[in-house]
Amino acid sequence: MMKKKRARRASLAYRVNILIFVITFIVSLLMVVICDSDYRKAVLVPYTRKLAALEVHPEEFTPYTEHFMKFFGTEELQNAKASLDTENDYFIDWLDKQPSFTADDAEFGRSSLFLDWISADLALEEIMLSVDLDEACLEVQKDQTVYRISHETKETGHYTANDEFGLEKVFLDQPAEKYTSPILDKIGDEYKLLRCVQIPCEGGEGRLWMAYNMTEHALQHGSFLMRSILYMIVLAVGASTISVLLMKRYVTEPVRRLAQAATDFVPEEDGSYSPDKISKVAIPSENEIGDLSREIRSMQERIVDNTENLTRMTAEKERIHTELSMATRIQESMLPSIFPAYPDRTEFDLFASMTPAKEVGGDFYDFFLIDRDHLALVMADVSGKGVPGALFMMVSKAILKNNAMVGKSVGEILAMTNDLVCANNKMEMFVTVWFGILEISTGKIIAANAGHEYPALTQNGVYTLLKDKHSFIIGGMEGTRYAEYEIRLKPGDRLFLYTDGVPEAVDAKNNMFGTDRMLGALNAEPDASLERTLENVRNAVDGFVSGAERFDDMTMLCLEYKGPKN
């Protein structure tokens, strides 16, 4: 695992360094391109503009080129060509003869080749002087033979006639149209900025070439680019090296130390964190790494504190859970839970259950014999839940049972219970109660309803709600009186009592179960055993709720009257 972490850190550092190198290289390359562009503008553009702005009138050179083509191949021209650079220089002889250039002179007259040559030579020299050209030449081609009159500059700055007269040379491969505008091109071993003007003539092709020799500039430019690229590489490598060192000192190494501190911060065998393992790495830098260092230390301190608090809370929760479990068992022991409750009595049968929404609930049921012929039935719902509701439930249950045993009527028992509960009800809790006393020998029940749910009663084997008269709740106000009413049970009739946890159970869409569904569950098997009847209702509620959280206790009791004892 550690090897993989190191590999990832190395990979991150490697990628960051590569990124810095690439960025530095690109920025340097961009600077080189900008410098190269500036260099070209500073050197090439001025020459290009001068060469492009030079006004040349091709028709002025047309007589020369046409006249030259007439003499191509003549003995006179061949003698001139053969005499170059010899003791018998044809042009020297021509000058020694002191030509008059008159129209009558056939050799040196106005229509002679030599006068045209001199005129063309002077015209070229004038062009060169006008824009300080390095080279200018007039070329005439006929039958793949090129004849050239040219001028080029020398180191002395003088314009000297070139001896390239009548060279047999193939024209340039590139068409003249390419050089209509000045173009930098490599001719042989030299770089020249060339412009060509075509000379219209019959019987051949004429061209006027003008050039600046850019070889020195090109070599300087190449040297400049090579040095720039070298500097660029050195700069990129240097920047990358410096960034690596800085990154290692201020980023990688601090992060490695922080990562190691985080790795060392592990829990003990019991799951707790020791304060001794809190990071000791101190990075005073006021940057993100320093903030991270301080945040890691603060986080570890909070983890230690939270772990200690969690340990204490867990112990406290375990203690509360244990006490709640004991309270649940105590509450369960307070409710009758052994069935059949009176196996020696054949006049009636009953079954009850209570399912709390929390560990302990506020609902309760009770049944007890006041004497041999009277059975008390209680179904109650305390306003509170949990431990407070359970305590209030036990107090209310004890008071109600004690009052019932003194031989009072149902209304009087509830009134006495209400006054006692109200006397010490500082929490202002209350309880709804359905309370009835069955006269076993006759099946008559005298009952009162202190704000509780309507009971369900079978008539001809069908459960229906008995909408009795409600009185005020227990614990709401002292001096309350409770109205009594009578129920006549025939052999086989059943009485179903319940708390609001049954009809008010809700599903995930907040729909209530309701009394109609409750009656449907009761009437699904009206002749089922009492335990089965309560189970049917509980299953119907659970199926309706379908996993939604239950917020109220669900308590039920069912009594079946079988008739007096024979």
Would you give the length of the straight line joining atom [atom1] of [X] to atom [atom2] of [Y], rounded to the nearest 0.5 angstrom?
| X | Y | atom1 | atom2 | value |
| --- | --- | --- | --- | --- |
| Leu335 | Tyr365 | CG | OH | 5.0 Å |
| Leu534 | Leu557 | CG | CG | 7.5 Å |
| Asn536 | Leu522 | CG | CG | 8.5 Å |
| Leu375 | Ile370 | CG | CD1 | 8.0 Å |
| Leu438 | Glu347 | CG | CD | 9.5 Å |
| Tyr498 | Glu453 | OH | CD | 5.0 Å |

[X]: partners by salt bridge (charged side-chain N to carboxylate O under 4.0 Å, His left out), with sequence neighbours left out:
| X | value |
| --- | --- |
| Asp542 | Arg550 |
| Lys469 | none |
| Glu525 | Arg532 |

Is there a donor-acceptor pair under 3.5 Å between the side chain of [X] and the backbone N or O of [Y]?
| X | Y | result |
| --- | --- | --- |
| Arg345 | Lys565 | no |
| Asp419 | Gly479 | yes |
| Asn539 | Glu535 | yes |
| Glu412 | Ser409 | yes |
| Asp373 | Ser441 | yes |
| Tyr561 | Ile440 | yes |
| Asn425 | Met429 | yes |
| Asp371 | His374 | yes |
| Ser471 | Ala483 | yes |

Nearest heavy atoms of [X] and [Y], plus distance in Å:
| X | Y | answer |
| --- | --- | --- |
| Thr533 | Tyr463 | CG2-OH, 4.1 Å |
| Thr499 | Asp553 | OG1-O, 3.7 Å |
| Phe472 | Thr480 | CB-CG2, 3.7 Å |
| Pro455 | Asp468 | CD-OD2, 3.5 Å |
| Ala456 | Leu519 | CB-CD2, 4.3 Å |
| Tyr454 | Lys467 | CD2-CA, 3.4 Å |

I want to check something: taking the side chain as every heavy atom from C-beta on, are [X] and [Y] in contact at a cut-off of under 4.5 Å?
| X | Y | value |
| --- | --- | --- |
| Val431 | Ile473 | no |
| Val462 | Asn523 | yes |
| Leu377 | Ile437 | no |
| Asp349 | Lys562 | yes |
| Met556 | Leu497 | no |
| Met379 | Phe435 | no |
| Leu530 | Leu559 | no |
| Leu495 | Trp434 | yes |

- Verify side chain to side chain contact (heavy atoms under 4.5 Å, CB included) between Thr346 and Phe348, making sure each step is shown before the conclusion. CA-CA 6 Å; Thr346 59; Phe348 64 90; over 6 Å; no
- Working for side chain to side chain contact (heavy atoms under 4.5 Å, CB included), residues Ile474 and Phe430: CA-CA 6 Å; Ile474 301 296; Phe430 64 89; over 6 Å; no
- Task: Take the angle between the ring planes of Phe339 and Phe351 and call it parallel below 30°, perpendicular above 60°, tilted in between.
- Result: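 Judged by the thresholds at 30° and 60°, the geometry between Phe339 and Phe351 is tilted.
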Scan the side chains in residues 393-405 for donor-acceptor partners under 3.5 Å anywhere in the protein, sequence neighbours excluded, and list what turns up.
{"from": "Ser396", "atom 1": "OG", "to": "Phe392", "atom 2": "O", "distance (Å)": "2.8"}
{"from": "Lys397", "atom 1": "NZ", "to": "Met334", "atom 2": "O", "distance (Å)": "3.1"}
{"from": "Lys397", "atom 1": "NZ", "to": "Asp366", "atom 2": "OD2", "distance (Å)": "3.3"}
{"from": "Asn402", "atom 1": "ND2", "to": "Ala398", "atom 2": "O", "distance (Å)": "3.1"}
{"from": "Asn403", "atom 1": "ND2", "to": "Ile399", "atom 2": "O", "distance (Å)": "3.2"}
{"from": "Asn403", "atom 1": "ND2", "to": "Thr417", "atom 2": "OG1", "distance (Å)": "3.0"}

- Query: Do we see a donor-acceptor contact under 3.5 Å between the side chains of Thr555 and Asp363?
  - Reply: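 There is such a pair (donor and acceptor under 3.5 Å, judged by atom type) between the side chains of Thr555 and Asp363.
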- Judged by modelled atom types alone, do Asn449 and His452 share a side-chain donor-acceptor pair under 3.5 Å?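 Short answer, no.
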- Message: By the salt bridge (charged side-chain N to carboxylate O under 4.0 Å, His left out) test, which pairs, at least two apart or in different chains, include something from residues 476-498?
- Response: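 For residues 476-498, and leaving out neighbouring residues, the salt bridge (charged side-chain N to carboxylate O under 4.0 Å, His left out) pairs sorted by first residue read Glu486-Arg488, Arg494-Glu560.
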- Message: side chain to side chain contact (heavy atoms under 4.5 Å, CB included) for Leu489 and Ile445? Distances and angles first, verdict last.
- Response: CA-CA 8 Å; Leu489 296 181; Ile445 297 178; 3.5 Å; yes
Does atom [atom1] of [X] have more than 12 heavy-atom neighbours, drawn from other residues, nucleotides or ligands, at distances under 6.0 Å?
| X | atom1 | result |
| --- | --- | --- |
| Leu230 | CG | yes |
| Met427 | CE | no |
| Lys178 | NZ | yes |

- Keeping to residues at least two apart or across chains, list the ring-ring contact (aromatic ring centres under 6.0 Å, His included) pairs with something in residues 522-545.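 Qualifying pairs, neighbours excluded: Phe513-Phe544.
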- Item | Residues Leu350, Phe367; criterion side chain to side chain contact (heavy atoms under 4.5 Å, CB included); working and verdict | CA-CA 9 Å; Leu350 59 81; Phe367 52 86; 3.4 Å; yes
